[in-house]
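Below: one structure, written as structure tokens.
The figures that follow rest on heavy atoms only: side chains count, while hydrogens, waters and symmetry mates do not.
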Amino acid sequence: MWLAREQEVEIRRPPQFRPGERVRATRHVRNDGTYPGREIGENLVRKGEEGYVRDIGTFLQQFFIYAVEWIDRGTVVGMRARELTSLDKADAPCSAEENANKGTAA
């Protein structure tokens, strides 16, 4: 049985972020039930918070999951690339929306 829509296999490309890289959250992230010791729906990370990539893993052999340490909160949360932007790369886009608009500026 095939999926209704095909999704890109992200792990065919190199990871967007490296361990030790400083990043900022581009979205609010809530507990979906996979973060132990917190209620489902509780905020884990707020948009604009800064942290550091500690490790890179994969999910379903399809996506990269970045273990990000949020210094202010003292937590490590698994994040997708679309939820992060690099603060160490000068040419890094601020969000996925900016990627979609690339080339439209005069």
Side-chain angles (χ1 to χ4, degrees):
M1 185 174 196
W2 294 95
L3 295 174
R5 69 170 195 223
E6 230 176 277
Q7 293 181 338
E8 181 181 355
V9 178
E10 186 177 287
I11 64 171
R12 290 184 181 157
R13 299 184 317 261
Q16 289 184 359
F17 308 101
R18 297 282 177 207
E21 191 168 339
R22 193 169 142 225
V23 293
R24 177 178 291 142
T26 60
R27 303 173 183 196
H28 294 294
V29 175
R30 296 177 185 266
N31 185 11
D32 61 1
T34 58
Y35 197 91
R38 299 280 182 95
E39 294 292 322
I40 294 175
E42 186 177 342
N43 256 344
L44 299 175
V45 178
R46 295 191 183 279
K47 181 178 180 178
E49 288 187 327
E50 297 178 8
Y52 293 89
V53 176
R54 285 184 52 175
D55 196 13
I56 303 169
T58 60
F59 179 68
L60 298 176
Q61 299 177 347
Q62 190 170 6
F63 307 107
F64 287 112
I65 300 296
Y66 301 92
V68 179
E69 182 172 8
W70 303 98
I71 305 297
D72 292 346
R73 291 182 174 263
T75 60
V76 177
V77 178
M79 307 278 290
R80 295 278 311 271
R82 66 179 182 221
E83 298 169 328
L84 300 168
T85 187
S86 177
L87 296 175
D88 289 344
K89 297 176 187 170
D91 61 345
C94 290
S95 67
E97 290 80 25
E98 287 190 21
N99 277 341
N101 295 332
K102 194 174 253 185
T104 60

How long is the straight-line distance from [atom2] of [Y] back to [atom1] of [X], given to the nearest 0.5 Å?
X   : Y   : atom1 : atom2 : value
R18 : I56 : CZ    : CD1   : 6.0 Å
R82 : F63 : CZ    : CZ    : 7.5 Å
R24 : L87 : CZ    : CG    : 4.5 Å
L44 : T34 : CG    : OG1   : 8.0 Å
I65 : R80 : CD1   : CZ    : 6.0 Å
T85 : E50 : OG1   : CD    : 10.5 Å

Exercise: identify the closest heavy-atom pair between [X] and [Y]:
X   : Y   : value
L84 : A25 : CD2-CA, 4.4 Å
V68 : M79 : CG2-CG, 3.9 Å
D88 : R22 : OD2-N, 2.9 Å
G33 : I40 : CA-CG1, 3.7 Å

Practice task
Using the side-chain contact (heavy atoms from CB on, under 4.5 Å) rule, take V77 and E83 through it: C-alpha gap first, then chi angles, then the decisive distance, then the call.
Solution key: CA-CA 11 Å; V77 178; E83 298 169 328; over 6 Å; no

Exercise for the section: Apply side-chain contact (heavy atoms from CB on, under 4.5 Å) to the pair V23 and V53, showing each step before the final yes or no. Expected result: CA-CA 7 Å; V23 293; V53 176; 3.9 Å; yes

Exercise for the section: Treating Ile, Leu, Val, Met, Phe, Trp and Tyr as nodes and any side-chain heavy-atom pair under 4.5 angstrom as an edge, say whether W70 and Y35 lie in one connected cluster. Expected result: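 Yes, W70 and Y35 fall within the same hydrophobic cluster.
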
Problem - Residue list, side chain to side chain donor-acceptor pair (under 3.5 Å) with E49, at least two apart or on another chain - result: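 So E49 forms a side chain to side chain donor-acceptor pair (under 3.5 Å) with R73.
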
Using only atom types and a distance under 3.5 Å, with no angle test, would you say the side chain of [X] pairs donor to acceptor with the backbone of [Y]?
X   : Y   : answer
Y66 : P15 : no
N31 : E42 : no
E69 : R54 : no

Handout entry: Beyond-backbone contact of Y52 with I71, side-chain heavy atoms, under 4.5 angstrom
Key =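 SC-SC contact between Y52 and I71 confirmed.
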
Exercise for the section: Determine whether R46 and D72 make a side-chain contact, defined as any pair of heavy atoms from C-beta on separated by less than 4.5 Å. Expected result: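 A side-chain contact is absent here, since even the closest heavy-atom pair is not under 4.5 Å.
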
Exercise for the section: Determine whether more than 12 heavy atoms belonging to other residues, nucleotides or ligands lie under 6.0 Å from atom CZ of R12. Expected result: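 It does not: R12 CZ has 12 such atoms or fewer within range.
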
